[in-house]
Amino acid sequence: MSEVLLEAREVSKRFGGVKALTGVSLTIRRGEIYGLIGPNGAGKTTFFNCLTGLYVPDGGGFVFDGQPLQADAPQKAAVRGIARTFQNIRLFPEMTALENVMVGRHVRTCAGVLGAMLRTRATQLEEARIRRRAEELLYYVGIADRAGDLARNLSYGDQRRLEIARALATEPRLLCLDEPAAGMNGAETEALKGLIDGIRQDGITVLLIEHDMKLVMGLCDRLAVLDYGQKICEDVPAVVQKDKRVIEAYLGEVPEDA
Amino acid sequence: MRHPILRALLRLSRHKALLLLGGGAILLALPFVAMLGGQAWVRILDLAILYVFLALGLNIVVGFAGLLDLGYIAFYAVGAYTWALLASPHFGLHLPFWVILPIGALLACLFGVLLGAPTLRLRGDYLAIVTLGFGEIIRIFLNNLNAPVNITNGPQGITLIDPVKFGAFSFSSRTEIFGYTLVGPQKYYFLLLALCVLVVGINYRLQHSRIGRAWQAIREDEIAAKAVGIDTRNMKLLAFAMGASFGGIAGGIYAAMQGFVSPESFSLIESIMVLAMVVLGGMGHIPGVILGAVLLAVLPEALRFAVLPVQQALFGKVLVDPESLRMLIFGLALVLVMRFRPQGLWPSPERKRELLAGQEGRT
């Protein structure tokens, strides 16, 4: 088992004349929390969408766990062990929190139509396992008491947690979080930090897009910075923070004598 | 060890058990009561149950998976013609029902996949238009497949179709039981009722399974469903196939019961009618769909009987042609229901909450 979990090779994506990603390469190691930052419109979410199969890259590709990732359909990425959350939360609003997580188990379970119609012993056992695992995950992310509520009725922070629980239900090896702290207050962000750290300790590699610099710098082992669809820097947080190009990307050009 | 069904019954509360027994007794007694008003009423009951069957099939596609299908009656037609061709003098074939019904269901299922496959990327309105076209194509094919080789006998339809038979027991003839003469429609009633109970069970189990959850997930957010690894293509095809095969079975029974099929029984209005049953009752909610189907199947017939005498009593003469007035009242009733109960007459608890919350948001 190699140390590298995901390798992006020269990933490019254009939308008409807009180059959203230009030859982005990066490597994510097993068990690390890897941050992807950059100003708005830098291509972070586009990169996520390419990785998880929502977009097909125009050039380049991914190697996941030593095998090329055929990222032409999102469900294939999920089967391979890549789970994600969305920047603008996408839950199943009319299903309960528990059911949302149970849907996440879909890809790791196998009951078919016949099993469901005949309600065989195997189906019943599997269904009980799905439910138990979903309950465990709700407890794990800290919203076990909301299990029976419709997803749409949860608070914003709880919806974010539920989305993470649903992603974890697919048994990912790489968990991609798209701005999980967006719209959270300080206390919620602090709790989220603990949650992400815990997920990593359970052996799941985390890829994190985030604007909250305190969270990113405190949590990530390594970072890549995107600007105008290109990777301008990839290193540990302490180095990235001092990188001249990164500071320019965020603050504009810095005068020589500053 | 007790039988599982008996155990399930014993677990129910006394209230529910009484409800179940009472409802069952009423359902069993219904054809005998209706017979007092004449055989026509028993036929109306038969058709009502047949529509329940159809509506439950369409509910899988529309209610569970959220795919708007305006050509559902095509599968009903496929089932009906399968039976008609395999059990009538038209080709001289007289296969038994346990051969034809599975063939009809499989064939309808195949057509369901044929319709589903090219429309997978379509949503909402676009899907509705394509399915509408598909339904019409099937009907027009049936209408015109009498030349150069006569397969469907064209607009004349196929007559003298065999009834459902268990050995020597035919469902179309009269039978004496305990001194009571059971007529054909009454026997079909019990056959349809038994099938319907089966379909309700299957529907319920599908809804509360891994498959049903996946359908609901696709209905609510297709991208999120894909992201958690649901193969939306296969799941949609499955919904189409399941719905279609129920339609096929219903069609087969219909052909056997009527003894006659022709393309005009499978027009667009029938598709719309079945869809209206699903929507009026409460999309995705099995008891609601059953209620919608029964109401919409029985109401026009009941109006047919009521319109004439009421006019006679009110005005002393018949002012408006009963047939047109009947559809007018029927349409008005539909509009009123949709205006004042957009969630359907008997929606699922979740759907009710959804609509109520939407109203709160507006005010």
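Chain identifiers are assigned alphabetically (A, B, ...) following the order of the sequence lines, protein sequences preceding nucleic acid strands; residue numbering begins at 1 within each chain. The basis for the numbers below is simple: all heavy atoms, side chains too, and nothing from hydrogens, waters or symmetry mates.
- Note: A/His106 leads A/Met117, A/Glu163, A/His106 in heavy-atom pairs under 4.5 Å with chain B.
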* Kindly indicate, with the supporting measurements, whether the criterion side chain to side chain contact (heavy atoms under 4.5 Å, CB included) is fulfilled by B/Leu280 and B/Leu345. => CA-CA 6 Å; B/Leu280 183 92; B/Leu345 289 172; 4.0 Å; yes
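- Between B/Phe240 and B/Tyr72, the distance separating the two ring centers is not shorter than 6.0 angstrom.
- Aromatic pair A/Phe47/A/Phe62: centroids less than 6.0 angstrom apart.
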* **side chain to side chain contact (heavy atoms under 4.5 Å, CB included) evaluation trace for A/Ile130 with B/Arg213** => CA-CA 12 Å; A/Ile130 292 173; B/Arg213 274 196 304 273; 3.6 Å; yes
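- Note: A/Cys110 leads A/Cys110, A/Gly112, A/Gly104, A/Ala83 in heavy-atom pairs under 4.5 Å with chain B.
- In the displayed structure, A/Arg108 atom CZ is contacted under 6.0 Å by more than 12 heavy atoms of other residues, nucleotides or ligands.
- Against chain B, the residues from residues 84-93 of chain A that qualify, each with a non-hydrogen atom under 4.5 angstrom away, are A/Arg84, A/Phe86, A/Arg90, A/Leu91, A/Phe92, A/Pro93 in number order.
- For A/Ala167, no part lies under 4.5 angstrom from a heavy atom of chain B.
- Chain B forms the most heavy-atom pairs under 4.5 Å with one residue out of A/Asn100, A/Thr109, A/Val113, and that residue is A/Thr109.
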* To do: Take B/Tyr76 and B/Tyr51 through the ring-ring contact (aromatic ring centres under 6.0 Å, His included) test and state the conclusion after the steps.
  => CA-CA 11 Å; B/Tyr76 187 55; B/Tyr51 275 119; 7.3 Å; no
* To do: Kindly indicate, with the supporting measurements, whether the criterion salt bridge (charged side-chain N to carboxylate O under 4.0 Å, His left out) is fulfilled by A/Arg146 and A/Asp158.
  => CA-CA 9 Å; A/Arg146 309 299 306 270; A/Asp158 285 353; 3.5 Å; yes
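- Comparing A/Val103, A/Thr123, A/Thr170 by how many heavy-atom pairs each has under 4.5 Å with chain B, the most go to A/Val103.
- Under the 3.5 Å distance criterion, with hydrogens and angles disregarded, a donor-acceptor pair is assigned to the side chains of A/Asp178 and A/Thr45.
- Judged purely by distance below 3.5 Å, without hydrogens or angles, the side chains of B/Asn59 and B/His285 never pair a donor atom with an acceptor atom.
- Taking the six-membered ring for Trp and the full ring otherwise, the centers of B/Phe111 and B/Phe75 sit at least 6.0 Å from each other.
- For B/Ile211, the part sitting under 4.5 Å from any heavy atom of chain A is the side chain, from C-beta outward, and nothing else.
- Your options are B/Arg205, B/His208, B/Arg233, and the one with the most heavy-atom pairs under 4.5 Å with chain A is B/Arg205.
- In terms of heavy-atom pairs under 4.5 angstrom with chain A, the leader among B/Leu238, B/Asp231, B/Leu206 is B/Asp231.
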